[in-house]
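What's counted below: heavy atoms across the whole structure, side chains too, no hydrogens, waters or symmetry copies. Note that the structure is a prediction, hence the values are computed from the model and not measured. Reminder, nothing fancy here: chain letters follow the sequence lines and each chain counts from 1.
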2 protein chains.
Amino acid sequence: MKRSVAERRFATLHERSASSGLRMTPQREVLLRVLSRAADHPTADQLYRQVRRHLPSISLATVYRNVQDLVRAGVLAPLEHAGAAVQYEVNPDDHHHFVCRACGRVWDVYLRSIDYAVDRRKSPVPAATIDRADIQLHGLCAGCAARAGSGSAGAR
Amino acid sequence: MKRSVAERRFATLHERSASSGLRMTPQREVLLRVLSRAADHPTADQLYRQVRRHLPSISLATVYRNVQDLVRAGVLAPLEHAGAAVQYEVNPDDHHHFVCRACGRVWDVYLRSIDYAVDRRKSPVPAATIDRADIQLHGLCAGCAARAGSGSAGAR
DNA sequence: GTACATGCAAAAAATTTGCAGAGAT
DNA sequence: ATCTCTGCAAATTTTTTGCATGTAC
């Protein structure tokens, strides 16, 4: 049962990776296999350690490069806003964020209401208490949209 | 007008910082002043460069230490999930996240519905398009709640 | 006076890059 | 044959830490 889920996932990853023009090297294949079994949200280093068990000669740099390629290919996504330098929040008001997917900049957003319902059947969440819901809206900011509309796309 | 907002903010930061037992050194005061004027989400390095203009002799390590102290004091918050190592998302289903505020672990959450309304009057967001809303629920996971209930609180 | 804070420099952690050789298509 | 990918090692970037001295309370 669990096996077939991982296998279906692997097939998907494999196909999406191939259709993005990425070559199927042994390193990439093992990485995809590890990813297809991942239940959580692994870091590059955790992936490295997993992949290494099957391919002891792989280098950490290769894992980093592959993970980036897969992000570019849309196969993986960095969890939220992680990485790079930590940004700090000073605004004491109750608010949320809008993140531009092209330039990565963040703006504060005020919401008038939030409503959500957890699907408990599908969510094996060991939450004892939930005390806050932060929303991040993702999209294109006006500047990047204009740039994308006319000239070549300018990212990051 | 803008001045008084910053000043009110500074007073708040100053008071919260003091009531957390933090001493008011020149370095801390300038940092709080910079923070009270911050309109965006600065990194430690950006804060360092700002503070330096008023206190050229301050060291980057002091800024880092102070920012951490202020986070512990509840004056600042790290933006979302940033920092440390980047975690990657493999799950292709449409889902959201639950983050334990004690241990920092992340679980996938499935929502049946999401509803929100942007308060456009208060939000100067230059969003050309919004194509996704990611929700992060914050709280205590069962494990950390149990640990907090009995023994001493175990964090991070 | 004492405990906390600071500066400096070195260390650690996370990530990126240059380069020469190997391999996929 | 070509263009991508890899391993290795060195470089960068971000953050943390040890230690002697300074200073807010």
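When the nucleotides C/dG7, D/dG7, C/dT25 are ranked by their closest atom to the side chain of A/Ser57, D/dG7 comes out on top. Minimum atom distance to the side chain of A/Thr62 is reached by D/dG7, of the listed C/dA5, D/dG7, C/dT15. Minimum atom distance to the side chain of B/Arg23 is reached by D/dC25, of the listed D/dC5, D/dC25, C/dT16. Nearest to the side chain of A/Gln68, among C/dT16, C/dA24, C/dC8, sits C/dT16.
Rounded to whole Å, the distance from OH on A/Tyr48 to C1' on D/dG7 is 10 Å. As a whole-Å value, the separation of A/Arg52 CZ from D/dG7 C1' is 12 Å. We find that CG of B/Asp69 is positioned 16 Å from P of D/dA24, with the value rounded to whole Å. In this structure, A/Arg49 atom CZ and C/dA14 atom C1' are separated by 13 Å, rounded to whole Å. The CD atom of B/Glu29 sits 16 Å away from the P atom of D/dT23 (whole-angstrom rounding). The nearest whole Å value for the distance from the OH atom in B/Tyr64 to the P atom in C/dA12 is 18 Å. Per the geometry, CG belonging to A/Asp45 stands 19 Å off P belonging to D/dT14, to the nearest Å. Atom CZ in B/Arg28 sits roughly 15 Å away from atom P in D/dT23 (whole-Å rounding).
Under a 3.5 Å cut-off, the side chain of A/Ser20 and the backbone N or O of A/Leu22 do not form any donor-acceptor pair. Judged purely by atom type and a 3.5 angstrom limit, B/Arg16 has no side-chain atom pairing as donor or acceptor with the backbone of B/Ala73.
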B/His41/A/Asp108 under side-chain hydrogen bond (donor to acceptor under 3.5 Å, both in side chains): CA gap, chis, key distance, verdict = CA-CA 9 Å; B/His41 305 91; A/Asp108 290 347; 2.8 Å; yes
Starting from the C-alpha separation in whole Å, work towards a yes-or-no answer on salt bridge (charged side-chain N to carboxylate O under 4.0 Å, His left out) for A/Arg49 and A/Asp45.
-> CA-CA 6 Å; A/Arg49 283 203 279 262; A/Asp45 193 68; 2.7 Å; yes
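Contacts of B/Leu22 with the nucleic acid, taken as non-hydrogen atoms under 4.0 Å apart, involve only primed sugar atoms and P, OP1 or OP2. Across all strands, B/Arg65 comes closer than 4.0 Å to base atoms (heavy-atom distances). Within the 4.0 angstrom heavy-atom criterion, only backbone atoms of the sugar-phosphate kind lie near A/Asn66; the bases stay farther away.
Using a 30° and 60° split on the angle between ring planes, A/Tyr110 and A/His95 fall in the tilted class, from 30° to 60°.
Applying the 4.0 Å criterion to OP1 and OP2 of D/dT14, one finds that B/Thr43 has every side-chain N and O outside that range. Neither OP1 nor OP2 of D/dC5 sits under 4.0 Å from any side-chain N or O of A/Gln27.
Both B/Met24 and A/Leu60 sit near DNA chain D, but only A/Leu60 has its closest nucleotide nearer the 5' end.
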